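Remember, it's a predicted structure, so these values are computed and weren't measured experimentally. The first residue in the sequence is number 1, and the count goes up from there.
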Amino acid sequence: MGPTDSLARADRRRAELLGRLADLFLAEGFLAFGVGDLAARLRCSRSSLYLVAGSKPEIVLATLRAWFRGAAERIEQRVQAEPDPAARLRTYLLAVSDELAPASPSFYADLLAHPPAGEVYEENTRHAARRVRALVDAGVVAGALRPVDAVFVGAAVAEVMTGIQAGRVGAATGLSDAEAYRALADVVVGGLARRPA
């Protein structure tokens, strides 16, 4: 086996570990685990975990970034499969909701308690707001959505997304983040739908 095969095998192992770590973090959070705890839960060696990153904080951030990157790819696949420009906005927001559905209260509590991890979430929230603005723009240009200020809609959606991420929406409504994104989809898409003449 040559060096290329070894690198490919290490990359596959790292990707597998990132997926398993993401599942664990979404279900139970991440702050309470040490590297030894993670190795025990994943039934792997510490050295295997250090394929992901060189320390526990770096493992957390690498896992979160990989999970959000994968979620963004899955969301975009769903959006691209939707031919209707008006339905694409709803598809996007519902796909975000579906991706966030496995995230537990412990996961969100740890995001709020750990600023570097919270910044990864916020960065992805900003990306989502930009994507909403682009989808609104495209829907308006196609005549599928009412003419609106897409920058305003994107900014308003970003504020709600930030409120969801910070836990304010959940505290005020009792909704999980996934449920809040679903409700946001209903409000935004319902508000932008073209009315029959």
Side-chain angles (χ1 to χ4, degrees), residues 19-33 37-38 41 57 60-61 63-79 82 86-136 139 145-146 148-193 195:
R20 292 172 65 201
L21 284 164
D23 290 343
L24 178 60
F25 291 171
L26 288 166
E28 299 182 34
F30 48 85
L31 288 181
F33 293 111
D37 302 319
L38 293 173
R41 290 296 297 274
V60 168
L61 294 180
T63 300
L64 292 176
R65 288 187 183 112
W67 181 74
F68 276 114
R69 189 168 45 253
E73 289 169 2
R74 291 185 295 273
I75 290 166
E76 281 306 315
Q77 287 170 359
R78 288 176 59 178
V79 170
E82 174 53 65
R88 280 184 161 194
L89 178 59
R90 181 175 186 78
T91 297
Y92 180 82
L93 291 169
L94 292 180
V96 169
S97 170
D98 290 346
E99 290 294 331
L100 290 173
S104 66
S106 298
F107 174 76
Y108 288 115
D110 285 356
L111 284 177
L112 291 174
H114 188 63
E119 175 54 33
V120 173
Y121 190 106
E122 289 170 21
E123 179 184 313
N124 283 277
T125 299
R126 290 190 294 270
H127 168 77
R130 288 191 299 272
R131 191 68 182 105
V132 165
R133 186 170 71 192
L135 289 167
V136 170
L145 298 174
R146 290 189 308 109
V148 294
D149 184 334
V151 174
F152 172 80
V153 173
V157 168
E159 285 299 314
V160 175
M161 288 177 166
T162 300
I164 292 170
Q165 182 267 331
R168 294 189 300 272
V169 172
T173 64
L175 297 174
S176 70
D177 281 22
E179 291 166 338
Y181 270 98
R182 193 166 290 274
L184 178 62
D186 291 341
V187 169
V188 172
V189 175
L192 297 181
R195 305 287 184 251

Under 3.5 Å, sequence neighbours excluded: what are the donor-acceptor pairs made by side chains of residues 64-73?
none

Under 3.5 Å, side-chain donor or acceptor atoms of residues 148-159 against the rest of the protein: list the pairs with distances, not counting sequence neighbours.
unit_1, atom_1, unit_2, atom_2, d
D149, OD1, V151, N, 3.0
D149, OD1, F152, N, 3.1

Throw together a table of side-chain donor-acceptor distances under 3.5 angstrom for residues 93-104, partners on residues two or more places apart or in other chains.
unit_1, atom_1, unit_2, atom_2, d
S97, OG, A178, O, 2.6
D98, OD1, R182, NH2, 2.8
D98, OD2, R78, NH1, 2.8
D98, OD2, R78, NH2, 3.1
E99, OE1, R74, NE, 3.2
E99, OE1, R74, NH2, 2.8
E99, OE2, R74, NE, 3.0
S104, OG, L26, O, 2.9
S104, OG, A27, O, 3.1
S104, OG, S106, N, 3.4
S104, OG, F107, N, 3.2

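Taken to the nearest 0.5 Å, the CG atom of L184 stands 11.0 Å off from the CG atom of L175. The line from OG1 of T125 to CD of E119 is 9.5 Å long, rounded to the nearest 0.5 Å. The CG atom of L61 lies 5.5 Å from the NE2 atom of H114; values are rounded to the nearest 0.5 Å.
Residues meeting the ring pair (Phe, Tyr, Trp, His ring centres under 6.0 Å) test with F30, sequence neighbours left out: F25. Evaluation of the side-chain contact (heavy atoms from CB on, under 4.5 Å) rule for R20 yields R13, E16, L17, L42 as partners, not counting sequence neighbours.
Using a 4.5 Å heavy-atom threshold, the side chains of V60 and D110 count as separate.
Without hydrogens or angle criteria, R90 side chain to G190 main chain gives no donor-acceptor distance under 3.5 Å.
Here the closest non-hydrogen pair linking V79 and R88 is O-NE, 3.3 Å. The shortest heavy-atom contact between A32 and D37 is O-OD2, 3.8 Å. The shortest heavy-atom contact between V169 and V160 is CG2-O, 4.1 Å.
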Pair R131-E76, side chain to side chain contact (heavy atoms under 4.5 Å, CB included): steps then yes or no: CA-CA 10 Å; R131 191 68 182 105; E76 281 306 315; 2.7 Å; yes
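Sorted by first and then second residue, the pairs that involve residues 169-178 and meet side chain to side chain donor-acceptor pair (under 3.5 Å), not counting sequence neighbours, are Y108-D177, Y121-D177, S176-E179.
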